[in-house]
Amino acid sequence: MVTPAKTVELFRRLSEAPGPSGQEGEVRAIIRPEVEKLVDEVRTDTLGDLIAHRKGRGKRVMIAAHMDEVALMVSHIEKEGLLRFRKVGGIDDRVLLTKTVYVGKDRLPGVIGAKPIHLQDPKERGQVIRLDNLFIDIGAKSQEEAEKLVKVGEYAVFTTSFERFGGGLVKGKALDDRAGCMVLLETLRSLRETALKLDVYGVFTVQEEVGTRGAAVTAYDIAPDIGFVLEGTVCSDTPGTDPQGQSTVIGAGPAISIMDAGTIADRRMVDFLVATADENGIPHQFRRATSGGNDGARIHLAREGAPTASISVPCRYIHSPVSVCSLDDLQNAARLLEAALKKIAEGGLKL
Ligand code: CO
């Protein structure tokens, strides 16, 4: 499959935009003009969720993809001018060391530093350097100088630039869940000229990484009959992980979740998605991990409950400064959702 250069360019802009939980504005500002061309009405709610409404008669379908990414927050400024920080969302301490970050809205460059190997004693060398012993170096000579540039409470995000590589893969930061945002945009784009007997809400949510909070309020607001979640999900198809522990395989198609830590997917929806993929010749796989969670945790519990399923793009090295996904998986996820929506509009999903 060929992914148009324009699509890859939009993915690059989304991946490189900073969007820590609670400060998704830059990501929202990229999505808004894109989605305005594709739906009838676009609005932002109190928390910052972006709700794109494609009006229609028929079942109310909520499709969520989260805008936020895992990041860091400045918690203290040392007298030497170094910044102490906390994590916003799930990041492994081991991936932080010597990474470059942008701090604050003005994107002040920083380096996550620690004691070099030369100065570590043998015991230290065998240990993980934990968050408490790390700091962000912004080149300031003193606390006073640092305080002029940064305030406690400001975010830091990874600086990774987005690139195509290999056979149809991309690498970049925040593919969880800018990949899902792309799938939602691509689906709405391909359905733009199609009449559908469905009331569709494409929701770009906030604060998923800290507890699926945007999904909670939007699902209450929309009161969906059916929910879909589009995610960038865990993939460990690399040497050292047994097939049974891989969760997903890159390039093998969108992953359909059966169960994670927050949701047991509605089995009728799972079967429906598998049948839809088979009928349309769309490669697909099951997400075989049961840990982790996504916005579905809230959506399926909205109001009186809404049958919900997740369609995910496998992402290697997720929740780190750089992850990898396949453009084919992304396109196939959009094809699957598009086919599913058409079928639901025709009454093909029996609930
Ligand atoms: Co996610």
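Side chains are part of it too, since the values below use all heavy atoms of this structure and drop only hydrogens, waters and symmetry mates. Both ligands and their constituent atoms are indexed starting at 1 by order of listing.
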Taking the Co ion (ligand 1) as the vertex, how big is the angle to OE2 in Glu231 and NE2 in His66, rounded to 10°? 100°
Val101 vs Leu72, test: side-chain contact (heavy atoms from CB on, under 4.5 Å). Steps then yes/no. CA-CA 9 Å; Val101 291; Leu72 311 170; 4.3 Å; yes
Hey, is the Co ion (ligand 1) within less than 2.8 Å of some N/O/S atom on Glu208? no
Looking at Asp176, pick out the N, O or S atom nearest to the Co ion (ligand 1) and give its name. OD1
Any heavy-atom pair between the side chains of Asp266 and Thr308 that's under 4.5 Å? no
Val229 reachable from Leu341 in the ILVMFWY side-chain graph, under 4.5 Å edges: no
Measure the spacing between CG of Asp295 and CE of Met62 and express it to the nearest 0.5 Å. 7.0 Å
